Structures are given as structure tokens and as C-alpha cells.
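Beneath this line is the structure, given in C-alpha cells, with notes to follow.
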Protein chains: 2
Amino acid sequence: MKPVVKNRIHFAVLATDVACFRIIDNQLCVLIGRAPSSSPFAGEWALIGGMVRPEETAEDSVSRLLSDKAGIKNIYTEQLHTFSGINRDPRGRVVSVAYLALTHIDPQDISKARLETKWYPMNSLPKLAYDHDEIMEHAIKHLRFKIHNTNVARYLLPHEFTLTELQNVYEIVIGKGMDKRNFRKKILVSGMLKSMKRTRKKGVMRPAALYVFK
Amino acid sequence: MKPVVKNRIHFAVLATDVACFRIIDNQLCVLIGRAPSSSPFAGEWALIGGMVRPEETAEDSVSRLLSDKAGIKNIYTEQLHTFSGINRDPRGRVVSVAYLALTHIDPQDISKARLETKWYPMNSLPKLAYDHDEIMEHAIKHLRFKIHNTNVARYLLPHEFTLTELQNVYEIVIGKGMDKRNFRKKILVSGMLKSMKRTRKKGVMRPAALYVFK
DNA sequence: TCAAAAGTGTTTTAAATACACCCATGA
DNA sequence: TCATGGGTGTATTTAAAACACTTTTGA
């Protein structure tokens with residue numbers, strides 16, 4: 001990965017790093033893996049990432065890396081920011097396009113993982129390798145911003161869900177409670193949900209109405 | 001710029017392209033230049049852009065390109081999006097980090113340009129080379145979004161300005177008129193301005209109060 | 001009848017919008 | 001005194017926030 005200059009043109013390695021979020025046990029968790037032994041941060045925790053291949057766009061590469069390294073397929077991704085600091089990677093010029101990814105617990109999307117990976121709760125995240133702490137900063141800020149103005153919460157939920165489950169997602173992401181009545185009013189008035197006209201029972205409680213995103 | 005693969009590692013050329021805006025004669029204009037004769041779109045209009053050098057970050061490269069090619073220094077820039085399409089550039093793998101830049105008419109920031117450049121009004125922009133039309137889409141959308149929620153308008157104005165001049169900037173960027181009383185109320189209540197407690201006369205009209213951004 | 005979560009309305013406050021006239025200046 | 005842009009206030013509408021009790025279910 002030594003610097004490459006041909007005909008006075010400078011070539012860089014293009015990489016992607018992805019902050020992949022998922023809610024587990026009412027906690028916002030991030031997927032991290034051990035940096036491979038060949039890398040300068042061998043064995044340390046880092047975001048899932050890797051080099052972009054000749055036949056891939058950055059977006060493609062994120063999908064492949066999540067699938068290969070963590071067994072996650074069919075995931076929502078969004079580009080965040082590109083980090084082009086000269087000495088980000090001690091091995092040479094590596095420019096990384098950072099992505100946000102969101103998923104939910106759904107067995108069909110998780111197959112075998114090829115890397116030691118772990119879902120770490122945001123609030124007990126260890127120090128990460130490279131400049132990945134900075135990428136995480138961007139990612140969480142971006143996610144918190146977008147959940148207010150868009151329907152990205154859908155990617156953190158299964159297809160069908162109750163309003164309470166939806167509210168939980170919002171609360172977990174922004175990190176504080178919301179008023180139930182105001183929340184339901186705003187969501188329903190916004191028109192982004194469709195009622196399934198069915199309910200779901202859970203234990204001994206009153207059944208809850210099911211919704212899907214339009 | 002042919003594809004480079006060394007030790008099974010794929011190297012790409014990193015480039016930047018910048019959508020640089022400026023208001024001239026009450027029109028939002030974009031800086032474009034002729035693509036150099038060595039390029040696949042020789043002679044066509046394109047955004048200002050070029051390769052990132054080994055000792056530069058993407059941000060650095062944008063500043064250098066604007067300075068060298070168009071003589072613009074000390075400019076506000078902001079990263080927009082990275083375009084990594086495989087065949088963006090017929091010569092090989094060129095990944096471009098797109099930037100937004102904003103400036104205003106201020107002689108000290110404009111020196112000699114090295115390239116045939118032109119400020120084109122947004123609404124009569126010619127077809128651009130590469131995927132630069134797409135970059136422009138991103139840029140104008142982003143600018144319109146940000147002017148509502150931030151004080152980026154400051155970069156399109158000189159240090160001191162009147163409220164009417166500020167309102168003109170908003171109107172020109174978003175493309176429609178605003179109510180004068182409501183505009184002034186919102187801006188003054190937001191607290192982003194400081195009154196200079198001076199006025200400026202222009203022609204035969206009542207003098208206008210001068211403000212600066214805090 | 002109890003526990004546990006589901007569900008439901010009104011009042012208050014703040015922000016955005018709509019709207020029209022007088023003021024200061026130099027010619 | 002006129003033309004030109006500078007400057008100002010109130011009423012209405014809309015959106016956000018605060019706030020507490022009743023309903024449904026299975027054990």
C-alpha cells in the first residue's frame with residue numbers, strides 16, 4: 001500500500017468504513033470487528049471497513065464488506081463523509097468514504113460471519129482504531145438528525161411494528177423519552193404509516209395495533 | 001491514469017470537483033471552466049476540479065484548485081458527496097469528492113486566473129462534462145437546505161451589509177420572494193447579526209443600517 | 001381484581017404567515 | 001414634493017409541548 005505515483009499522477013487506495021447500527025435489548029449498538037493481523041492496528045476494535053475493488057463503487061463495497069465480514073445482507077446504507085487525511089493509515093495514502101448503515105434483528109439477513117465481530121452498545125464503546133472514533137461522531141450525529149426529519153427509523157424495525165416499538169426506536173436513538181400522546185399524534189398525522197388493521201398480543205397485555213411504513 | 005493494481009491492491013486517482021457559487025447582478029452564478037485539452041471532455045464546460053496531490057487533503061486540493069484556476073482565495077468550502085462510479089472518467093478509476101464553495105464579490109480575493117473560467121447564472125447553465133450535472137444537483141439542493149438552518153448566507157455577502165442585501169441573498173438562493181417584515185423579525189430574533197450602529201447611503205434613498213454576522 | 005402496556009384530547013405556548021403604511025433622503 | 005428603497009406592528013394560523021386518565025387483556 002506504499003504510495004504510487006505514475007506519470008506524475010498520484011494514486012490512492014480507496015476504502016470504505018461503515019458505522020452499522022442496530023438496536024439490541026433497548027440499546028443502540030454498533031457493529032465493530034477486530035482489525036486483521038496484517039493491519040497497523042492488528043487486533044484492535046475498528047469499524048467494519050476495507051478496500052474498494054476495481055469493479056465496485058464505494059456503495060457496493062460497503063454491502064460486500066458487511067455481508068462478508070458480518071453476514072449482514074440487504075441493509076440500508078447512506079454516505080456520510082470522506083476522510084482524506086494524509087496520514088490516516090500508516091501504510092500509505094488511504095482515503096476512506098464513511099457510511100452509515102441501519103439494520104434490525106431479522107434472522108434472514110444474518111448468515112455466517114467471517115470475522116470476529118461484535119455489536120457494542122454506543123454508551124460503552126471502546127476506543128477504536130484509525131480515525132474511527134471521529135467517524136462514529138459523524139455517524140451518530142447524522143442518525144440523530146435524520147430520525148427527526150425522515151423515516152429512517154423504519155430500517156431499525158421489522159416490517160410490522162407497534163407504535164410503542166416505533167417510539168422506543170426514537171427514544172433509544174435520541175437518548176431521551178418522548179411524550180406518548182404527542183409522539184403518536186405527530187407520527188400518525190405525518191402519514192408515513194399505514195395501519196395493518198390487525199393487532200398483536202404480547203404476554204398478558206392489551207393487544208397493540210400493527211403498522212407498516214408506507 | 002490507467003488502472004493501477006499492485007500486490008492485488010487497487011489504486012484509484014482521487015480528485016475533487018467544486019460547485020462554487022457567487023451572486024452577481026442578483027443572480028446565483030456558478031464558476032465553470034473549460035476542461036483541459038488533455039482530458040476526455042476537452043473544451044467542454046465543467047466544474048473546477050482536479051487531482052488531489054500526495055501532500056494534500058481533499059479540502060486542501062479544493063482551495064488550491066480555486067486559487068490556481070480561478071484566482072479565488074480564502075473561500076468557504078464544505079464537503080458534499082463522493083462519487084465513485086466505475087466509469088465516471090473514461091481514462092480510468094477516478095473517484096471525486098465534490099465540494100460546495102461560496103464567495104462574494106471582493107476584489108482582494110480575486111487575483112489572476114490561469115484557466116478560462118466563467119460565472120454562469122444557475123438558470124442558464126450549459127450541459128456540463130463528466131457527471132458534473134449530477135454534482136450541481138447535489139450542490140444547489142444542499143445550499144438551499146442550509147440557508148434555511150444556518151448562517152451560510154454570510155459567505156455570499158461582504159463583511160458589512162444591510163438587511164435588504166441579506167434578504168436578497170436568501171431570495172436569490174431559494175428562488176422566491178419573502179415578506180420583508182417577517183424576514184427581518186426572524187433574522188433579528190435569531191441573534192446571528194450584530195448591528196454596526198451605522199448606516200450607509202446609496203443614491204437618493206434613505207440610508208440603511210449596517211450589520212455584520214456575529 | 002390486579003398488573004401491565006395500549007390507547008386517547010385538550011390546553012398552552014411558540015413559531016410562521018399574512019398583511020399596509022409611514023420614514024428619510026437627495027434631486 | 002416626489003421618487004426610491006428603508007423601516008415598522010398586529011392579528012391569524014399552524015405546529016410543538018405539557019399534561020392524566022381509561023381500556024383491554026390474561027392470570
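Since we're looking at a predicted model, the values are computed, not measured. Computation of the quantities below employed the complete heavy-atom set of this structure, encompassing side-chain atoms and omitting hydrogens, waters and symmetry-equivalent molecules. Letters A, B, ... are given to chains in the order of the sequence lines, protein chains preceding strands, and every chain is numbered from 1.
- Note: B:Phe41 and B:Tyr130 have tilted aromatic rings, judged against thresholds of 30 and 60 degrees for the angle between ring planes.
- The residue among A:Lys186 and B:Ala209 whose nearest nucleotide of DNA chain D is located toward the 5' end is B:Ala209.
- A straight line from NZ of A:Lys202 to P of C:dG7 spans 12 Å, rounded to a whole angstrom.
- Under the ring-ring contact (aromatic ring centres under 6.0 Å, His included) criterion, B:Phe161 pairs with B:Phe213, not counting sequence neighbours.
- Taking the six-membered ring where tryptophan is involved, the planes of B:Tyr76 and B:Tyr155 are essentially parallel, since the angle between them stays under 30° and well short of 60°.
- For C:dT8, the OP1/OP2 oxygens have no side-chain nitrogen or oxygen of A:Arg184 closer than 4.0 Å.
- By the 4.0 Å N-to-carboxylate-O rule, B:Arg200 lies too far from B:Glu160 to be salt-bridged with it.
- The minimum heavy-atom distance between B:Thr103 and B:Ile75, with the atom names listed, is CB-CD1, 3.8 Å.
- At D:dG5, none of the side-chain N or O atoms of B:Thr164 fall inside 4.0 Å of OP1 or OP2 (strictly under the cut-off).
- Protein atom CG of B:Leu188 is 12 Å distant from nucleotide atom P of D:dG9, rounded to whole Å.
- Checked for salt-bridge contact, B:Arg88 and B:Glu134 miss the test: no charged N lies under 4.0 Å from a carboxylate O.
- In this structure, CD of A:Gln167 is placed 10 Å from P of C:dA6, rounded to the nearest angstrom.
- Looking at every heavy atom in both residues, A:Gln167 comes nearest to A:Met178 through NE2-O, 2.9 Å.
- In this structure, the CZ atom of A:Phe183 is 18 Å from the P atom of C:dA5, given to the nearest Å.
- Note: CG (B:Asn168) to P (D:dG5) measures 11 Å, nearest angstrom.
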side-chain contact (heavy atoms from CB on, under 4.5 Å) evaluation trace for B:Leu193 with B:Leu166: CA-CA 11 Å; B:Leu193 300 189; B:Leu166 180 62; 4.0 Å; yes
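- Aromatic ring orientation, B:His81 versus B:His138: tilted (interplanar angle from 30° to 60°).
- Rounded to whole Å, atom P of C:dC19 lies 16 Å from atom CE of B:Met178.
- Contacts between residues 190-198 of chain A and DNA chain D, counted as heavy-atom distances below 4.0 Å, involve no residue at all.
- Taking atom CZ of residue B:Phe161 and atom C1' of nucleotide D:dG6, one finds them 16 Å apart after rounding to whole Å.
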- prompt: What string of B, S and - do you get for nucleotides 19-27 of chain D 5' to 3' if you count protein non-hydrogen atoms under 4.0 Å?
  reply: BB--BBBB-
